[in-house]
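Beneath this line is the structure, given in structure tokens, with notes to follow.
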Amino acid sequence: MTAQQRIVIIGAGLSGLRTAERLRRSGHEGPLTLVGEEVHPSYDRPPLSKALLVQDETPSAPPSLRAEEKYAELGLDRRLGLRATALRPADQVVELDDGSRLGYDQLVIATGSRARRIAAWEHHDNVHTLRTFEDCLALREDLRAARHLTVVGAGVLGGEIAASGRALGLDVTLVEAMSVPLERVLGPTLGSSVADLHRSHGVDVRLGVAVERIEGDHRAERVLLADGHTIETDVVVVAIGSVAETSWLAGSGVRLADGVVCDAYGATDISRVHVVGDAAVMVHPGSPTPLRLEHWTSAGDTAAVVAHNLLADPDQRRPLTEVPYFWSDQYDVKIQGLGLPSPEDHIDVVAGEVGAHSFLALCSREGRVTAAFAMNMPAPLARCRKAVADGESLDELVERAPWAPRKVST
Ligand SMILES: Cc1cc2nc3c(=O)[nH]c(=O)nc-3n(C[C@H](O)[C@H](O)[C@H](O)COP(=O)(O)OP(=O)(O)OC[C@H]3O[C@@H](n4cnc5c(N)ncnc54)[C@H](O)[C@@H]3O)c2cc1C
């Protein structure tokens, strides 16, 4: 790629900003444009469901990913509050909602995802989803006037919101359609440990039951479950996952399947078009098929790969090799996962105790380690990273026990 090529990044969230930073750090000196629909400078989402929900003072701005004074050194043409509405690959042009057209030599799609919603519940003012800073402010306000919170969906985000509700002193009901939280990812044994964590903090956890409908006029007053139970409530949060933000790509020819499909180098089927972050459907180490991950670290990992590949000679390109990793903070517990477990995996708790919410578990298939999952054991989990990446033999890893406290020689 010549040094003066115009690179345009659509989406100014974590993955878009990280792509821009990486490109500059790796020596791209040509024009670099970052277009973001939100008016805020790039900000961090994890605090929205944790500290920002529970802190006393109303936050005046979202948690910035980069100090404002440090933008100048990136030499970015930053266009905030503008939405890309169409991609015309034949002309190498992106259309924006102010009517302008933006030409590119290389394009990076970094438009992330948005909360999955249930249209039938949208007219209730107190039914929320949580993705943006504005969502966080609206939810904060309702939580402070509430006594009871219902969270629909016991995934990672739903669990964090339930924990924040308890921290604010609310009665909380957590409703999950699967038989345990995170069942598809963690399987029944580890999923149960997450349900127990919530119960031990006083959350009313309802598993294996769907919400049938919500009653009330402009405000939801009660949630009716498919098992016939009714929950009287003041606030509802719908945390049932997210969908990739790809609506602006309709008709562009970019292959879409749950998100933007790309190869392990982050390149789509369309020449000069690449994808990073939550929007990317990509082969991750440990997964036989492409999939879309919504992990903070994957946003940075995919950004680094695409930035490198945009500047590299064809034979110097590199695929994504980082093992998927996520964390979640709920109550006083840090939940972490490395790798891609499958519900069929064999599970061994190799350190700590599940009941104490402090343990390390290994997932394995055909005797090979596929993933590791931990509560409140960050250092032992980190020491399994290479074993997960290499798919080490379970027996050999247990023999090595890298999680065990190191003996200090005297
Ligand atoms: C509340 C919350 C808590 C989280 N907590 C954790 C956590 O604890 N641990 C963890 O591992 N992960 C967590 N995540 C996930 C993590 O934040 C995401 O994986 C990460 O933000 C993905 O970055 P992204 O840049 O791909 O997408 P986004 O952050 O969604 O950024 C995409 C940006 O593109 C913009 N955009 C969309 N369409 C257009 C368009 N057509 N034109 C212009 N701009 C557009 C959007 O407005 C947005 O600003 C959390 C997410 C949320 C919402």
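What you see is a predicted model, and the numbers here were worked out from it, not measured in a lab. Position 1 is the first residue of the sequence, and the numbers go up from there. As the structure lists them, so they are numbered: ligands from 1, and atoms in each ligand from 1. Side-chain atoms are counted along with the backbone in the values below, which use heavy atoms only and exclude waters and symmetry mates.
Distances from atom 24 (P) of ligand 1 to the heavy atoms of Ser15, Gly277, Pro47 put Ser15 nearest. Of the listed residues (Ile161, Asp135, Thr132, Asp278), the one carrying the non-hydrogen atom nearest atom 20 (C) of ligand 1 is Asp278.
Defined by atom type and a distance below 3.5 Å, a donor-acceptor pair is missing between the side-chain atoms of Asp97 and Thr85. Side-chain contact, Thr230 with Glu232: no donor N or O sits under 3.5 Å from an acceptor N or O.
Of the charged side-chain nitrogens involved, none lies within less than 4.0 Å of a carboxylate oxygen, so that Glu73 and Arg24 do not count as a salt-bridged pair. Contact check on Lys50 versus Asp329 returns no salt bridge, with no Lys/Arg side-chain nitrogen under 4.0 Å from an Asp/Glu carboxylate oxygen. Taking a cutoff of 4.0 Å between a charged side-chain nitrogen and a carboxylate oxygen, Arg292 and Glu294 qualify as a salt bridge.
For the ligand labelled ligand 1, residue Glu160 lies inside the 4.0 Å heavy-atom shell. Not close to ligand 1: Arg114, with no non-hydrogen atom less than 4.0 angstrom away. Under a 4.0 angstrom heavy-atom cut-off, Leu82 registers as being in contact with ligand 1.
Of the protein's non-hydrogen atoms, the one nearest atom 17 (O) of ligand 1 is Arg45 CB, 3.6 Å. Summary of contacts: the protein heavy atom closest to atom 32 (C) of ligand 1 is Ala110 O, 3.5 Å. Here the protein heavy atom with the shortest distance to atom 35 (C) of ligand 1 is Gly11 CA, 4.0 Å. Looking only at heavy atoms of the protein, atom 39 (C) of ligand 1 is closest to Thr111 CG2, 3.3 Å. When only non-hydrogen protein atoms are considered, atom 38 (N) of ligand 1 lies nearest to Glu245 CG, 3.2 Å. Ranking protein heavy atoms by distance to atom 41 (N) of ligand 1, first place goes to Ala84 O, 3.0 Å. Ranking the protein heavy atoms by distance from atom 27 (O) of ligand 1 puts Gly112 CA, 3.3 Å first. Nearest protein heavy-atom contact of atom 30 (O) of ligand 1 is Arg131 NH2, 2.7 Å.
Between Tyr325 and ligand 1, no pair of N/O atoms sits closer than 3.5 Å. Between Leu14 and ligand 1, an N or O atom pair is found at a separation short of 3.5 Å. For Glu37, a nitrogen or oxygen atom sits less than 3.5 Å from a nitrogen or oxygen atom of ligand 1, counting backbone and side chain alike. At under 3.5 Å, a nitrogen or oxygen of Glu38, whether backbone or side chain, sits near a nitrogen or oxygen of ligand 1.
Ring pair Tyr331/His357: centre-to-centre distance not below 6.0 Å. For His295 and Tyr325, the ring centers are positioned 6.0 Å apart or more.
Counting heavy atoms under 4.0 Å from ligand 1, residue Cys136 does not touch it at all. In Val156, neither the side chain nor the backbone holds a heavy atom less than 4.0 Å from any atom of ligand 1. When non-hydrogen atoms are compared, ligand 1 lies under 4.0 Å from neither the backbone nor the side chain of Ser247. When non-hydrogen atoms are compared, ligand 1 lies under 4.0 Å from the backbone of Trp296 as well as from its side chain. Within the 4.0 Å heavy-atom criterion, neither part of Thr85 lies near ligand 1.
Asp98 CG: more than 12 foreign heavy atoms inside a 6.0 Å radius. Open room surrounds CD on Glu141; 12 or fewer heavy atoms of other groups in view lie less than 6.0 Å from it.
Here the options are Ile109, Thr111, Thr19, Val305, the test is side-chain contact (heavy atoms from CB on, under 4.5 Å), and the partner is Val276; only Thr19 passes.
Taking the six-membered ring where tryptophan is involved, the planes of Phe373 and Phe326 are tilted, since the angle between them lies from 30° to 60°.
Here OG of Ser26 is found 10.5 Å from NE2 of His28. Values are rounded to the nearest 0.5 Å.
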| Checking side chain to side chain contact (heavy atoms under 4.5 Å, CB included) for the pair Trp327/Lys334: CA distance, chi angles, key distance, verdict? | CA-CA 7 Å; Trp327 87 94; Lys334 183 165 283 298; 3.5 Å; yes

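Ligand 1 places these atoms under 4.0 Å from at least one heavy atom of His295: 11 (O), 19 (O).
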